[in-house]
Amino acid sequence: MSWSPRKKNKRRKNRNLNSADNTTWASVTHQELWKNIGSEAKTYFDFSLECENVDQAVELYNLQKISLLREISIKVGIQVLLKEYHFDNRHKPTFTEEDILNIFPVVKHVNPKASDAFHFFQSGQAKVQQGEACGCWERLLALLRSQLLQSAGHTAGFLKEGCELINEALNLFNNVYGAMHVEICACLRLLARLNYIMGDYSEALSNQQKAVLMSERILGTEHPSTIQEYMHLALYCFANNQLSIALNLLYRARYLMLLVFGEGHPEMALLDSNIGLVLHGVMEYDLSLRFLENALAINSKYHGAKSLKVALSHHLVARLYETKGEFRSALQHEKEGYTIYKNQRGFASGINVLFLSFLSWGSSMKRPKKSSEYLKYLTQQAVALQRTMNEIYKNGSSANIMPLKFTAPSMASVLDQLNIINGILFIPLSQKDLENLKAEVQRRQLLQEAIKESDNQKPENTETVTLKSAGTSAITSDDAAETQTSA
């Protein structure tokens, strides 16, 4: 079959038109591109960019250019050469053609889910949330009614049921998806948290290590979920006395957080609080103070100066100043925290305030009392320090100096504070309470078994009675027939 020259000319014309349309983007200037971005942001998100170029946007919204480059590459599907880019160089372009390695299509899709396994996972999550809520709310009421044992029993039951459901979901996810999947990672993370709450620190560390490795391979090391996994793993490492590993994990998480989100992200406060507490535990007081003060500044910026998180940050800074012997600064920060908790204590502010205060540091009823006692202790230490300094100025080297009490932080107290800022609560029980709890659980199990046995015996008794009544009626009818025959 031969092709006519007219058809060839038409095809060439179409090719030239298409090539001209495809290269129009190359002539777009920076101002036109930024104008198009601003108009699309206003149309699609109803958000006005109050700036003329990207440099003004970076300054106005406190952004990082490396974070913007990362987000644009992920959203658009561009693979960029891994090297250090100089964004502030005015005389030389930041990117060249060799820096763009590849372009990938970004396809929106919905991942298929294993319905049975997902149902078990959701049920397990609900049981865990019920257990945590039951433990928190019932403990709050138990502190008023002295019924801590009952609340602990309900909490342990919910957590055990949740653990069984999560294990069943994990087995089903493994059968459906294989060894590597996001849902399996979520199951391992929740199992590690449950193991940690129930006191099995080694098992919690093992499950969390699997979750971290899986998140790194599936989502990548820079994903927000992976950063969160690093923080959880650091907490479990600290509980297992692996202090250096915990600190390295937190430093890595902070580096990734800076790379992805920048210094001003709200989650940076939680990360800096964790780092500051671990450094406080290893007696790196000056470095710890920098991280804790940064966490206090970020919490004040995003949650307000009267927030409960700000009060907790003030308390952590006060503990650090006390350890350093700077009692005036410690007294000032603890007064700030005490004022916030005292203002938030009233019932007029609502029951949610009570619950949040309970989450921040023990019971909302006891928190102002503890803070008041700590204030008295700091005041006594500050007065003792001032007397000592006056004695030294007055008598010189011959002064009779009373020894000051500088309390070094214990690992148990640091771990308690780490649990509080990470939202993990424990119900403290003595050995006698544990024995009573076991006896109460056994009594309830025996009572439930007795109820089940009585329920199973009831249908048998009713069948026997029915048979007996039927037999009686049959005998009566036969007797009547014999009576009629004889008659």
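Predicted model, so just to flag it, every value in this text is computed and none were measured.
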J.: Should Asp55 and Lys65 count as an ion pair when the cut-off is N to O under 4.0 Å?
T.: yes
J.: Which distance, rounded to the nearest 0.5 Å, do you find between the NE2 of His223 and the CD1 of Ile74?
T.: 8.5 Å
J.: So, for Arg189 and Gln208, which heavy atoms are closest and what is the spacing to 0.1 Å?
T.: CA-OE1, 4.0 Å
J.: Can you see whether His315 engages Glu334 through a side-chain donor-acceptor pair at a distance of less than 3.5 angstrom?
T.: yes
J.: For Thr96, is there any backbone N or O sitting under 3.5 Å from a side-chain donor or acceptor partner on Asp99?
T.: yes
J.: Counting N and O atoms only, with roles assigned by atom type, does the side chain of Ser288 sit under 3.5 Å from a partner on the main chain of Leu279, one being a donor and the other an acceptor?
T.: no
J.: To check you understand the geometry: which heavy-atom pair defines the closest contact between Ser225 and Leu219, and what is its length?
T.: CB-CD1, 3.8 Å
J.: Rounded at 0.5 Å granularity, tell me how far NZ in Lys75 sits from CD1 in Ile72.
T.: 10.0 Å
J.: So, does Ser273 use its side chain to make a donor-acceptor pair with the main chain of Ala295 at under 3.5 Å?
T.: no
J.: Rounded to the nearest 0.5 Å, what's the gap from OG1 on Thr339 to NE2 on His314? Could you check?
T.: 9.0 Å
J.: Quick one: do Gln56 and Asn53 satisfy side-chain contact (heavy atoms from CB on, under 4.5 Å)? Show the steps, please.
T.: CA-CA 6 Å; Gln56 293 182 5; Asn53 50 47; 3.3 Å; yes
J.: Relative to the ring of His333, is the ring of Tyr321 parallel (under 30°), tilted (30 to 60°) or perpendicular (over 60°)?
T.: parallel
J.: Hey, mind stepping through Cys163 and Leu191 against side-chain contact (heavy atoms from CB on, under 4.5 Å) and telling me if it holds?
T.: CA-CA 7 Å; Cys163 190; Leu191 280 176; 4.0 Å; yes
J.: Do the non-hydrogen side-chain atoms of Phe104 and Ile78 ever get within less than 4.5 Å of each other?
T.: no
J.: Donor-acceptor check, side chain of Asn240 to backbone of Tyr201, threshold 3.5 angstrom: yes or no?
T.: yes
J.: Can you confirm whether Phe87 sits close enough to Leu69 that some side-chain heavy atom of one is under 4.5 Å from a side-chain heavy atom of the other?
T.: yes
J.: Among Ile227, Ile275, Leu259, whose side-chain contact (heavy atoms from CB on, under 4.5 Å) with Arg254 holds?
T.: Ile275
J.: Under 6.0 Å from the ring centre and within 45 degrees of the ring axis: does the NZ or CZ of Lys324 meet both conditions for the six-membered ring of Tyr285?
T.: no
J.: Decide if atom OH of Tyr255 counts as having more than 12 heavy atoms of other residues, nucleotides or ligands within a radius under 6.0 Å.
T.: no
J.: In Å and rounded to the nearest 0.5 Å, what is the CD1 to CD1 distance from Ile184 to Ile218?
T.: 7.5 Å
J.: Begin from the C-alpha positions of Val80 and Leu101 and carry the test side-chain contact (heavy atoms from CB on, under 4.5 Å) through to its verdict.
T.: CA-CA 6 Å; Val80 185; Leu101 299 181; over 6 Å; no
J.: Within a radius of less than 6.0 Å around CG of Leu82, do more than 12 heavy atoms belonging to other residues, nucleotides or ligands occur?
T.: no
J.: Spell out, as yes or no, whether a donor-acceptor pair under 3.5 Å connects the side chain of Asn89 to the backbone of His91.
T.: yes
J.: If you measure only the distance, is there a donor-acceptor pair under 3.5 Å linking the side chains of Tyr236 and Glu203?
T.: no
J.: Please report the closest heavy-atom contact between Cys237 and Leu249, naming both atoms and the distance.
T.: SG-CD1, 4.0 Å
J.: Aromatic rings Phe173 and His181: how do their planes relate, parallel, tilted or perpendicular, breaks at 30° and 60°?
T.: parallel
J.: Quick check: do Asn195 and Leu205 have side-chain heavy atoms less than 4.5 Å from each other?
T.: no
J.: Which heavy atom of Glu229 sits nearest a heavy atom of Ala211, and at what distance?
T.: OE1-CB, 4.0 Å
J.: For Ala169 and Ala117, which heavy atoms make the closest approach, and how far apart are they?
T.: CB-O, 3.5 Å
J.: Measure the spacing between SG of Cys185 and CD of Glu183 and express it to the nearest 0.5 Å.
T.: 9.5 Å
J.: Quick check: do Phe238 and Val414 have side-chain heavy atoms less than 4.5 Å from each other?
T.: yes
J.: Check step by step if side-chain contact (heavy atoms from CB on, under 4.5 Å) holds for Gln417 and Arg319.
T.: CA-CA 11 Å; Gln417 295 297 326; Arg319 290 178 72 243; 3.6 Å; yes
J.: Do Val310 and Tyr302 have side chains that approach each other closer than 4.5 Å (heavy atoms only, starting at C-beta)?
T.: no
J.: I'd like to know if the side chain of Thr323 pairs up with that of His280 as donor and acceptor (distance under 3.5 Å, no hydrogens or angles considered).
T.: yes
J.: Keeping Ser413 on the side-chain end and Ser410 on the backbone end, is there a donor-acceptor pair under 3.5 Å?
T.: yes
J.: Less than 4.5 Å apart, any side-chain heavy atom of Val317 and any of Leu289?
T.: yes
J.: Could you tell me whether the side chain of Ser307 and the main chain of Gly304 form a donor-acceptor pair under 3.5 Å?
T.: no
J.: Ignoring hydrogens and geometry, is there a side-chain-to-backbone donor-acceptor pair from Ser67 to Val260 under 3.5 Å?
T.: yes
J.: Does the Gln64 side chain pair with the main chain of Leu258, one donor and one acceptor, at a distance under 3.5 Å?
T.: yes
J.: Would you say the side chains of Glu263 and Asn62 form a donor-acceptor pair under 3.5 Å?
T.: no
J.: Does Glu52 CD have over 12 foreign heavy atoms under 6.0 Å away?
T.: no
J.: Between Asp200 and Ser202, is any pair of side-chain heavy atoms under 4.5 Å apart?
T.: yes
J.: Do you know which two heavy atoms are closest between Leu49 and Tyr61, and how far apart they sit?
T.: CA-OH, 4.0 Å
J.: Within a strict 4.5 Å, meaning less than it, do heavy atoms of the Ile424 and Arg193 side chains meet?
T.: yes
J.: If you round to the nearest 0.5 Å, how far is CG of Leu188 from CE of Met214?
T.: 5.0 Å
J.: Salt bridge between Asp286 and Arg290, side-chain N to carboxylate O under 4.0 Å?
T.: no
